[in-house]
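Just so you know, residue 1 is the first one in the sequence shown, and it goes up from there. Everything numeric here is computed off the predicted structure, so don't read it as measured data. Heavy-atom basis, side chains included; hydrogens, waters and symmetry copies ignored. Just so you know, ligand 1 is whichever comes first in the structure, and atom 1 is the first atom listed for that ligand.
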Amino acid sequence: MEKSQINLPESSPEELAAYVGKRVIVHGSIYKIRKMSGFCFVILRTARHMLQCVCDNKELIEGMAEESCVILTAKVAGESRARYGVELHMISIEYLSVPEAQMPIVINGKVVDTSLENKLDFRPLTLRNEKERAIFKIQEGLLRGFRRFFEKEHFTEIHTPKIVSEGAEGGANIFRLDYFGKEAYLAQSPQFYKQMMVGVFERVYEVGPVFRAEKHDTARHLNEYMGVDFEMGYIKSFSDIMEMEVKMLTMAFELLGQEYGEELALLGVELPKMQAWGNVPILKFSEAKRLVAEEFHREPKECHDFEPEEEKLLSELIKRKFGSEFVFVTHYPTGKRPFYVMEDPDSPGETFSFDLIFRGLEITTGGQRIHEYGVQVAKMLERGMDVKDFDSYLMMHKHGMPPHGGLGLGLERLTAKLLGFENIRQASLFPRDIHRLTP
Ligand code: 4AD
């Protein structure tokens, strides 16, 4: 008997129509069994799809259990009411495994109807729900889009150490380690290393974990998140970095639109319209602060940074005035930015730095770095830092670096805002926060 093998993860469901009338073999998990009189519907969960199957063989129906891993032999039939316009008429089932225990939580409903805490506690199971897993297919799509962009723009992908001898970003949110008797830290960002690699490859990027010992429990912070970082040399201004980011996001959203339609529809997501570079609103920090204070009649509590509420109000204002869901805020005060950030020579106290705010949340920080040895050392001394501790970082400055800059984007923050989530944890596979170390 002729059998054709369907390999669904690689083919689009539309291609299934070509198999109508044919026998196929397909593997997956039994997601849902809906018993009718004399037959049953079975939804088979494959690597990416949910296939409608029909079984009218009494013996096969009796032995079936949800979450069994199976290989089905079936005949493909056209069915306009089924999701992909076809359904599989089951002929036989080979069981690869059968679950040992009852599901502790219902995962095959339209949504997983429980608290976020429960969802996270049972993550290996709740992610099997089609909407839950769609979140992470979309996250994958974002990264594929970014990588496509980096490749097109001739960036080299790098992998930098996560056990380091110095924190790059300052502040107290750093995890300490005992490294064979020496004090070491978990990397707060790939900052130093990506700069060093500009001296080697000119343009580099890294997608990797970033560790922050945030002690507060907020909906915006994780203790480990995925950083998308890039760094590039021979820039004319820090606006070159912002322009790159606009193009990078545009490409990622385009790819999502082209290849992730099913997941976006499942989650009811409309992709944001990213304006072309030149049209995305850009405001200086001092201007943005003033605008928010004036428009919303509020007295800022903190002068050198944004309060979370101000970021929300600024987004609201920009959307209303310019129709943009993105806004760049530039020239943050020197005191609030790390020691490697370049100060504006025409406006001391302000830096060549920016944040990108999307739907009320900072998703990126970036800017131009100090590339001259003397300037960098002077800045460190001014901050009371021990220059000797940074010998290996300063090696590149001492031996010649081009003007350069880059950015760091929080992948979970972008995903959460894209999908309309209030809590960043929803966009992290296995979030780490002050209360959570498992699963
Ligand atoms: O603003 P941050 O700390 O900037 C840096 O790490 C710089 N080295 C970047 C650069 O190249 N200049 O972090 C960058 C981004 C933030 O904009 C935010 O999206 C995300 O990382 N982020 C967090 N995401 C989740 N949980 C946390 N605790 C985060 N802290 C920062």
Using a strict cut-off of less than 4.0 Å between a Lys/Arg side-chain nitrogen and an Asp/Glu carboxylate oxygen, indicate whether Glu262 and Arg83 qualify as a salt bridge. yes
Would you mind checking if Glu307 and Arg298 are paired as a salt bridge, meaning a charged N to carboxylate O distance below 4.0 Å? yes
Proximal protein residues to ligand 1, non-hydrogen atoms under 4.0 angstrom: Glu169, Ser189, Gln191, Lys194, Arg212, Glu214, Arg220, His221, Leu222, Tyr225, Asp229, Tyr340, Glu362, Ile363, Thr364, Thr365, Gly366, Arg369, Gly406, Leu407, Gly408, Gly410, Arg413, Ile424
With the side chain counted from C-beta on, respond yes when [X] and [Y] share a heavy-atom pair under 4.5 Å apart, and no when they do not.
| X | Y | value |
| --- | --- | --- |
| Leu249 | Phe146 | yes |
| Thr364 | Asp355 | no |
| Glu412 | Leu222 | yes |

Just list the side-chain donor-acceptor pairs under 3.5 Å for residues 386-394, sequence neighbours left out, or say none.
residue: Asp386; atom: OD1; partner: Lys388; partner atom: N; Å: 3.2
residue: Tyr393; atom: OH; partner: Gln195; partner atom: OE1; Å: 2.8
residue: Tyr393; atom: OH; partner: Gln195; partner atom: NE2; Å: 3.3

